[in-house]
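Structure record follows, encoded as structure tokens.
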Protein chains: 2
Amino acid sequence: MLNYAAYAQVIKAMADENRLKIIDLLSCGTMCACEILKNFDFTQPTLSHHMKVLQTAGIVSAVKKGRWQYYTLLPEFTTEFSEFIKQLLRDSHECVCHSDSSCSRPD
Amino acid sequence: MLNYAAYAQVIKAMADENRLKIIDLLSCGTMCACEILKNFDFTQPTLSHHMKVLQTAGIVSAVKKGRWQYYTLLPEFTTEFSEFIKQLLRDSHECVCHSDSSCSRPD
DNA sequence: TCAATATATAGATACTTATCTATGTATCAA
DNA sequence: TTGATACATAGATAAGTATCTATATATTGA
């Protein structure tokens with residue numbers, strides 16, 4: 001059975017127009033905060049907040065080099081999340097339905 | 001380029017532990033509200049709220065038959081959302097990076 | 001018709017969060 | 001050393017939301 005609570009946390013972190021765009025940016029490769037910021041209208045502290053949310057959720061990693069903070073999409077996230085969505089939307093044996101027999105259907 | 005605002009709405013509707021479980025339940029097929037409710041501890045009005053959120057987001061459809069409200073996962077959601085996640089996480093030509101040249105990288 | 005069942009709606013509350021301004025810290029170039 | 005740049009943190013505010021109780025509506029069986 002899927003760990004709903006854990007993935008709900010990840011999906012919450014993705015549930016924002018701006019953070020979705022950040023993830024899309026990072027899907028092309030590593031970027032520093034100041035470059036990411038150029039793609040948005042909000043302020044620098046707001047970006048800092050969004051990046052912390054993405055880090056806490058295990059979506060991106062951060063490495064500091066000199067003045068710049070570089071962000072990278074975690075490969076574990078990419079692969080595991082894709083797999084989760086596949087399992088979630090597929091009628092699988094892992095579905096909660098198959099764990100209990102009370103699951104009735106209309107005719 | 002991806003429609004972040006539109007998909008953020010869909011992902012917001014998924015960003016809840018309970019609604020994730022509902023989606024997983026419905027991935028096995030159509031179910032009525034009272035059967036779905038058996039899998040949770042919250043009250044019936046709370047389920048009614050969650051189902052409305054999922055409908056508004058275009059994730060499930062609802063059909064009333066007698067006293068029962070049957071919910072079904074929309075096939076359009078299943079296919080389109082999977083495709084969106086694929087495009088989001090892949091370094092593709094649709095990525096915002098390729099739309100503007102200011103996207104620099106570290107060495 | 002009446003009672004029970006299935007579901008929706010209204011309104012309230014507590015909690016979360018996206019954003020801002022103000023400010024602090026660290027790094028580097030001159 | 002000094003000023004500029006990159007980034008984080010603190011604190012405030014406004015908006016959203018998950019949940020509840022109370023109640024309304026609709027359907028069906030007796």
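All heavy atoms count here, side chains included; hydrogens, waters and symmetry mates do not.
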message = Between A:Trp68 and A:Cys34, is there a side-chain heavy-atom distance shorter than 4.5 Å?
response = yes
request  = Output, in order, the C-alpha distance, side-chain angles, deciding distance and verdict of side-chain contact (heavy atoms from CB on, under 4.5 Å) for B:Tyr70 and B:Lys65.
outcome  = CA-CA 7 Å; B:Tyr70 286 104; B:Lys65 284 186 188 169; 4.0 Å; yes
query = Taking atom P of C:dA18 as reference, at what distance in whole Å does atom CZ of A:Phe42 sit?
reply = 11 Å
ask   = Roughly how far apart are A:Ile22 CD1 and A:Phe40 CZ, rounded to 0.5 Å?
value = 4.5 Å
request  = Using five base pairs at each end, measure the axis-to-axis angle across the helix from C:dT1-D:dA30 to C:dA30-D:dT1 and round it to 10 degrees.
outcome  = 20°
ask   = Could you give the CZ-to-C1' distance, from A:Phe40 to C:dT19, as a whole number of Å?
value = 14 Å
ask   = If every non-hydrogen atom of A:Leu74 is compared with every non-hydrogen atom of A:Gly58, which pair is closest and at what distance?
value = CD1-O, 3.4 Å
query = Taking 5' to 3' order, which nucleotide of DNA chain D is first and which is last to have an atom within less than 4.0 Å of a heavy atom in chain B?
reply = D:dA18 to D:dT28
task = Any chance you could list the contact pattern along nucleotides 25-30 of chain C? Use B for base contacts, S for sugar-phosphate-only contacts and - for none, protein heavy atoms under 4.0 Å, 5' to 3'.
result = --BS--
task = Give the minimum heavy-atom separation between B:Ala8 and A:Glu17, together with the two atoms involved.
result = CB-N, 3.5 Å
Residues in side-chain contact (heavy atoms from CB on, under 4.5 Å) contact with A:Ala6, at least two apart in sequence or another chain = A:Asn3
Between side-chain atoms of residues 45-53 of chain A and protein atoms elsewhere (two or more places apart, or another chain), which donor-acceptor pairs fall under 3.5 Å?
residue: A:Thr46; atom: OG1; partner: A:Thr43; partner atom: OG1; Å: 3.2
residue: A:His50; atom: ND1; partner: A:Arg19; partner atom: NH1; Å: 3.0

Contacts of type side-chain hydrogen bond (donor to acceptor under 3.5 Å, both in side chains), residue A:Thr72, not counting sequence neighbours = A:Thr30
task = Sequence neighbours left out, what pairs pass ring-ring contact (aromatic ring centres under 6.0 Å, His included) with at least one residue falling in residues 9-34 of chain B?
result = none
ask   = What pairs with B:Gln9 under side-chain contact (heavy atoms from CB on, under 4.5 Å), at least two apart in sequence or on another chain?
value = B:Lys12
ask   = Are A:Leu26 and A:Val63 in one and the same hydrophobic cluster, where Ile, Leu, Val, Met, Phe, Trp and Tyr link if side-chain heavy atoms are under 4.5 Å apart?
value = no
query = Can you list, by residue number, the residues of residues 45-60 of chain B that have a non-hydrogen atom closer than 4.0 angstrom to DNA chain C?
reply = B:Pro45, B:Ser48, B:Lys52
message = Please give me the minimum heavy-atom distance between A:Arg90 and B:Ser27, naming the atom from each residue.
response = O-OG, 3.4 Å
key: Nucleic acid contacts of residues 12-20 of chain A, taken as heavy-atom distances under 4.0 Å to DNA chain D   = none
ask   = Between B:Tyr71 and B:Ile36, which heavy-atom pair has the shortest distance, and what is it?
value = CD1-CD1, 4.0 Å
message = Could you work out, with side-chain contact (heavy atoms from CB on, under 4.5 Å) as the rule, every residue matching B:Leu89, not counting sequence neighbours?
response = A:Ile23, A:Leu73, A:Phe77, A:Thr78, A:Phe81, A:Ser82, B:Ile85
ask   = Base, sugar-phosphate alone, or nothing: which one does B:Gln44 contact when heavy atoms must sit under 4.0 Å apart?
value = base
key: Sequence-distant partners of B:Tyr7, ring pair (Phe, Tyr, Trp, His ring centres under 6.0 Å), two or more places apart   = B:Phe84
